[in-house]
Amino acid sequence: GSTPLNANAQLSETAGLTAALFTDGTTYVMQNDTEKITAFRLPKLPDGYSYGEMAIAGNTLYVSWEERDFYKTGKAGLLQVNLNGVLEKTE
């Protein structure tokens, strides 16, 4: 469609992972050594909320979320995902 998609991505050489996160919570993680890609979705957020920045530390993915109303930010927080648990379930 004509709706632009925004995503955040990170290459973590220490963890051996590359990840991309879209604002709706769709996440792709690639294991750099095998180039295997795993896709999963973070919990659905209420209308007016979206996922934002992310960081990989070890085997943990940290994702920010926030409530947005044009230029204002309401509630905000972080979500922590155990990547080992996600990647093991897809093997």
Side-chain angles (χ1 to χ4, degrees):
S2 61
T3 305
L5 294 175
N6 293 318
N8 291 300
Q10 179 183 357
L11 165 65
S12 176
E13 292 181 12
T14 344
L17 301 170
T18 301
L21 167 72
F22 290 85
T23 55
D24 70 349
T26 303
T27 309
Y28 295 90
V29 177
M30 181 177 76
Q31 297 170 345
N32 297 337
D33 56 349
T34 64
E35 294 188 356
K36 179 183 177 197
I37 298 173
T38 302
F40 60 94
R41 247 188 158 160
L42 298 174
K44 183 172 173 57
L45 295 172
D47 288 340
Y49 288 73
S50 64
Y51 288 104
E53 300 294 324
M54 69 168 181
I56 298 173
N59 292 311
T60 304
L61 174 68
Y62 295 95
V63 180
S64 69
W65 58 266
E66 66 183 12
E67 177 185 21
R68 291 185 182 183
D69 182 15
F70 188 50
Y71 64 91
K72 299 176 187 176
T73 298
K75 298 175 184 170
L78 288 173
L79 181 70
Q80 178 181 335
V81 179
N82 175 353
L83 289 174
N84 278 344
V86 172
L87 298 175
E88 286 174 2
K89 289 183 179 182
T90 62
E91 292 181 355

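Numbering starts at 1 and runs along the sequence shown.
Distance alone, capped at 3.5 Å, is enough to place a donor-acceptor pair between the E67 side chain and the K75 backbone.
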- Please report the C-alpha distance between L61 and V86 in whole Å, then the side-chain angles of each, then the deciding distance to 0.1 Å, and finally whether the side chain to side chain contact (heavy atoms under 4.5 Å, CB included) criterion is met. CA-CA 11 Å; L61 174 68; V86 172; over 6 Å; no
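The line from CE of M30 to CG of L17 is 9.0 Å long, rounded to the nearest 0.5 Å. We find the CG-CG distance between L11 and N32 to be 5.5 Å, quoted to the nearest 0.5 Å. Within the model, atoms OG1 of T14 and CG of N59 stand 10.5 Å from one another, a figure rounded to the nearest 0.5 Å. With rounding to the nearest 0.5 angstrom, the OG1 atom of T38 is 5.5 Å from the CD atom of Q31. Distance check, rounded to the nearest 0.5 Å: CG of N6 to OG1 of T23 gives 6.0 Å.
M54 approaches N8 most closely through the heavy-atom pair CE-O, 3.5 Å. The minimum heavy-atom distance linking Y51 with D24 is given by the pair CD1-C, 3.9 Å. When all heavy atoms of G58 and A15 are compared, the pair lying nearest together is O-CB, 3.1 Å.
In F40, the CZ atom is crowded: over 12 heavy atoms of neighbouring residues, nucleotides or ligands sit closer than 6.0 Å.
In this pair, Y49 and W65 present their aromatic rings tilted. The plane angle is within the 30 to 60° band.
L78 and I56 are members of different hydrophobic clusters when ILVMFWY side chains are connected at heavy-atom separations under 4.5 Å.
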